[in-house]
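Working notes, structure below.
Since this is a predicted model, take the numbers as computed values, not measurements.
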Amino acid sequence: MHRLWEDPMGRKNQAAIVEDAYRAGLQRGAALRNHLGMGGQPNTFDVFDVMLEPDETPLMDVPLQYGRWYGTDATYIHNSTFAMGRPSFVAATMIGSAIGNASRRSAAWAAAQPQWRENQVVRTLVTNQRIMCWTQARGWLSFWFRGVTAVYPEPANSTVTLEFSDSEPLRLQGYDGSSLCVFTLAILHGRKALYSHPALVDAWGY
């Protein structure tokens, strides 16, 4: 009898592979938290295809799911209808046109509401000064830690959300999201926060 997460050939299905990858990422995050919490230094590496500041140190170079939170202007095409014929036909035509316009207006309003946009997997380079993301439309974007006004780490969900004083909120999520939570919190609040922030305590304990 085969287990539910294996196919007849004994290979794990995609859902189980993804689950294992997230579990391994959470374990890496816990190990990094313990390492930094005990005074250890992060492993650094060289980056040759991106120009960094002279005193900037790379910490992570991983793919993550990227998203930005913002709204847009609501626009829709208003159709004007002119009908001739029997009164019942004219009334039905005008009602149909009004319903169509209302539907388009509602859809445009809903699409314009603030929501996570630009969702894509991006190369994410994390340094001691910023997070850099390579996006499809705009290439490299830099999110400097000095501009952060709020951070919401969710290591249990492999996600971190950042708010900034000068740009839209940023959300990054993926297999190494928990490690990003650790680095981000240590940089912004100091290493003591790694054992006091509720989200990290919930994920890994004290």
Quick check on the hydrophobic clustering: are [X] and [Y] connected, directly or via other members, by side-chain heavy-atom contacts under 4.5 Å?
X	Y	value
Leu59	Val122	yes
Leu36	Trp204	yes
Phe145	Val47	no
Val148	Leu64	yes
Tyr175	Leu170	no

Are any of the side-chain heavy atoms of [X] and [Y] separated by less than 4.5 Å?
X	Y	value
Asn128	Phe183	no
Met132	Leu141	no
Leu125	Leu52	yes
Leu200	Tyr195	no
Trp140	Val50	yes
Asp55	Gln129	yes
Tyr22	Leu26	no
Met60	Thr124	no

If you take all heavy atoms of [X] and [Y], which pair is closest and at what distance?
X	Y	value
Cys181	Val160	SG-CB, 4.0 Å
Gly40	Arg191	O-NH1, 2.7 Å
Ala203	Pro155	CB-CG, 3.7 Å
Leu172	Cys133	CD2-SG, 4.0 Å
Ser179	Leu32	O-CD2, 3.7 Å
Arg138	Arg68	NH2-NH1, 3.8 Å

Would you say [X]'s side chain and [Y]'s backbone share a donor-acceptor pair under 3.5 angstrom?
X	Y	answer
Asn119	Trp116	yes
Gln136	Gln120	no
Arg33	Leu194	yes

[X] side, atom [atom1]; [Y] side, atom [atom2] - distance, nearest 0.5 Å:
X	Y	atom1	atom2	value
Thr184	Ile131	OG1	CD1	4.5 Å
Glu53	Arg130	CD	CZ	6.0 Å
Tyr66	Arg171	OH	CZ	12.0 Å
Tyr70	Glu118	OH	CD	3.5 Å
Leu180	Gln173	CG	CD	11.0 Å
Leu162	Tyr152	CG	OH	10.0 Å

Derivation of the side chain to side chain contact (heavy atoms under 4.5 Å, CB included) call for Arg123 and Asp49: CA-CA 12 Å; Arg123 179 186 173 189; Asp49 59 340; 2.6 Å; yes

Aromatic plane relationship, Phe143 with Phe164 - under 30° parallel, 30 to 60° tilted, over 60° perpendicular: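 Plane angle between 30° and 60°, so tilted.
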
